[in-house]
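Numbered from 1 within each chain, the chains take letters A, B, ... in sequence-line order.
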Number of protein chains: 2
Amino acid sequence: MITMKEVSDLAGVSQATVSRVINGSDRVTEKTKIRVNQAMQALGYRPNSAAQSLASSRSNAIGMVVSKLEGPFYGPMMAGVENTLRQAHKHLIIAAGHGDADLEREAIEFLVNRQVDGLLLMVERLEDAELVELNQRVPVFLINHPVTTLSHRCVSLDNELGGYRATRYLLDKGHRRIACIMGQTWKPDAHDRLQGYHRAMSEAGIAVPDDWVVNTYFELAGGYQAMETLLERQFDGTAVFAGNDEMAFGVLESAEHHGIRVPDQLSLIGFDNSLTAQYVNPKLTTLHFPMFEMAQASARMALDGIYNKAESQASQFEPTLVERNTVSQLLL
Amino acid sequence: MITMKEVSDLAGVSQATVSRVINGSDRVTEKTKIRVNQAMQALGYRPNSAAQSLASSRSNAIGMVVSKLEGPFYGPMMAGVENTLRQAHKHLIIAAGHGDADLEREAIEFLVNRQVDGLLLMVERLEDAELVELNQRVPVFLINHPVTTLSHRCVSLDNELGGYRATRYLLDKGHRRIACIMGQTWKPDAHDRLQGYHRAMSEAGIAVPDDWVVNTYFELAGGYQAMETLLERQFDGTAVFAGNDEMAFGVLESAEHHGIRVPDQLSLIGFDNSLTAQYVNPKLTTLHFPMFEMAQASARMALDGIYNKAESQASQFEPTLVERNTVSQLLL
DNA sequence: ATGAAAGCGCTAACAC
DNA sequence: GTGTTAGCGCTTTCAT
């Protein structure tokens, strides 16, 4: 391994100077800068990052814990974070929480022990208080975890607006009797999307009977089950807003079994714009969840907050409509 | 930050002893071991990993570069690697190559500069020679990149067998005139799967006319296009083996447009068992690509090779059939 | 079985 | 603008 000493010897300067040109920090003569760079080049010098970390107490690494690595979101999210971080020459260390509070905690400890300079968290199970406390030890940034005292450190999606837009779109297409099938209401996402649905409906002057709303869980089976419930309740509406795409696929499946044609007899809108949405038949109309951009934003926020100690501020993204083939225009 | 010194003082031993109990290495009296552990506990001591790395020239981190973070495979892959590594208390640092040779190289450099103890590579664009050379600098392990001098460091899938099994399944269902729609043939995956198809067909005594095989690329549009080509060529067969699920979805779409009912008029089998396969209608029969298990195996191989300097040996997984609803039994 | 001491390669005061 | 120097917190011979 080539050390700084060898570089400084070859360049005929001190180690301090080499360190300076590496960190671009101090004013170094253009001339010596060049000499040093040449020496580094010639030797194929690579700074030892462990030594850098030890001496500077900065690891140049950011830890990320995600609740589940398997989900459909994970790809765009990692991609967004990775590319932003790498452009800044920061390393990304990841750990999974598997949607369990203890495992999430353990993942965080694991990362903190590695002296990451900051933490990017996409977790579901941790309490606000815990996060706030953690933030005393190491700067914490949150993706899609809005309800917290750390809100200025959070990038999130306006789920209420999404619910509103989805419902509104259905209304604009002439639908009036619109059901809402939603996931676990303890999740802010579900809660807010439902809220948006209600706002749109009430704005349109439509009273929503209780049995138009069915809460199950954010999976295909949840959507299927909810649709069955709706059918048992003799729901006579023309459209369904599903809390996410997977649930919408479940609705599609149920409709298929009952010989209900989508979108002719029933219109359907999802949420997330997951990869699969464009592969099902008919292709699913849905709201796009801009995870890639959100991930980039969160990484940028972290970078700023950690290395430029800038005051970060909450950033909220908007879900946008993706028109495909599961919603029909109703004749008046 | 609590340092080792404080621990050793409290425990009334030397730093060396503390270091010993941390690393579980030397024979330390049970008694002192307990005292040290208590001291660590009491102080809430966390070893500084930068210092550990510097002193031991081991970073306890493994770097992973993946070609593209967005694909459907990466979830299971990251999950498999992460959980295996973490159980061994090793950190996972990731970088993306985005399917471009230069970016893949850059990602590798990035990781090597961080002194990772080893590299887990899932890349497409790098030459064998380059990989071999890299392996001189740092232990390299490959996922799904079989054709290399490093084959004992590689976990891969038996694609030939997969192609064989897919085709064989179709044959067993009574099909004889079976087309094969495949991705870029420069990719070993495509090449081998096609090979398997040919083996099964020839075993069944069926001569395959050239125009039963269409090579496009591993995407929906590629499958769609290939199916259109097949149709233009007046393909009069009863089944299609698509090189991967995405291509199969393209076939499904094309069939739909032409009013060809799957599986009644045309049977279809895919490859990968991507998440989406179970959401399309009809649900896609396909071969399962055990990425999670392969990722785990590769991580274990890396762990062994790096930290126990065990001789690793190639491990190959088999794709298995997942029966769903796109293949019909043909009457004889 | 345990301790003393010499680094690991770098950064950051502080001097000049 | 550049050099000197003292660590950063740990591992690891080498003694004892």
With a 4.0 Å cutoff (strictly under), does any side-chain N or O of B/Ser14 reach OP1 or OP2 of C/dA4? no

Determine the interplanar angle of the A/Phe110 and B/His89 rings, folded into 0 to 90°, and report it as parallel if under 30°, tilted if 30 to 60°, perpendicular if over 60°. tilted

Pairs in or reaching into residues 34-86 of chain A: which pass ring-ring contact (aromatic ring centres under 6.0 Å, His included), with residues at least two apart or in two chains? A/Phe73-A/Phe289

What residue pairs, at least two apart or across chains, pass side chain to side chain donor-acceptor pair (under 3.5 Å) with a residue in residues 92-104 of chain A? A/Asp102-A/Arg105

If you fit an axis to the five pairs at each end of the helix from C/dA1-D/dT16 to C/dC16-D/dG1, how big is the angle between those two axes, to 10 degrees? 30°

Contact class for B/Thr32 (heavy atom, under 4.0 Å): base, sugar-phosphate, or nothing? sugar-phosphate

Whole-Å distance separating the CD atom of B/Glu30 from the P atom of C/dA1: 12 Å

Listed by chain and number, what are the ring-ring contact (aromatic ring centres under 6.0 Å, His included) partners of B/Phe141, not counting sequence neighbours? none

Interatomic distance where CZ belongs to B/Arg114 and P belongs to C/dG9 [whole Å]: 17 Å

Side-chain ion pair, B/Arg300 and B/Asp304, N-O less than 4.0 Å: no

Between the main-chain N or O of B/Ser49 and the side-chain N or O of A/Gln115, is there a donor-acceptor pair closer than 3.5 Å? yes

Within the sub-3.5 Å range, which N or O atoms of nucleotides 7-10 of chain D have a protein N or O partner, and how far apart are they?
{"unit_1": "D/dC8", "atom_1": "O2", "unit_2": "A/Ala55", "atom_2": "N", "d": "3.4"}
{"unit_1": "D/dC10", "atom_1": "OP1", "unit_2": "B/Tyr45", "atom_2": "OH", "d": "2.3"}
{"unit_1": "D/dC10", "atom_1": "OP1", "unit_2": "B/Asn48", "atom_2": "N", "d": "3.1"}
{"unit_1": "D/dC10", "atom_1": "OP2", "unit_2": "B/Met4", "atom_2": "N", "d": "2.5"}

Using distance alone, with no hydrogens and no angle criterion, decide if B/Asp117 and B/Ser59 have a side-chain donor and acceptor under 3.5 Å apart. yes

Can you tell me how far P of C/dA1 sits from NZ of B/Lys33, to the nearest Å? 11 Å

Within the structure shown, what part of the strands sits under 4.0 Å from B/Val18 by heavy-atom distance: base, sugar-phosphate, or nothing? nothing

Nucleotide D/dG1, atom C1' - distance to CD1 of A/Ile34 in whole Å: 15 Å

Could you pull out every donor-acceptor pair under 3.5 Å between side chains of residues 10-17 of chain A and any protein atom, sequence neighbours left out?
{"unit_1": "A/Ser14", "atom_1": "OG", "unit_2": "A/Ala16", "atom_2": "N", "d": "3.4"}
{"unit_1": "A/Ser14", "atom_1": "OG", "unit_2": "A/Thr17", "atom_2": "N", "d": "3.3"}
{"unit_1": "A/Ser14", "atom_1": "OG", "unit_2": "A/Thr17", "atom_2": "OG1", "d": "3.3"}

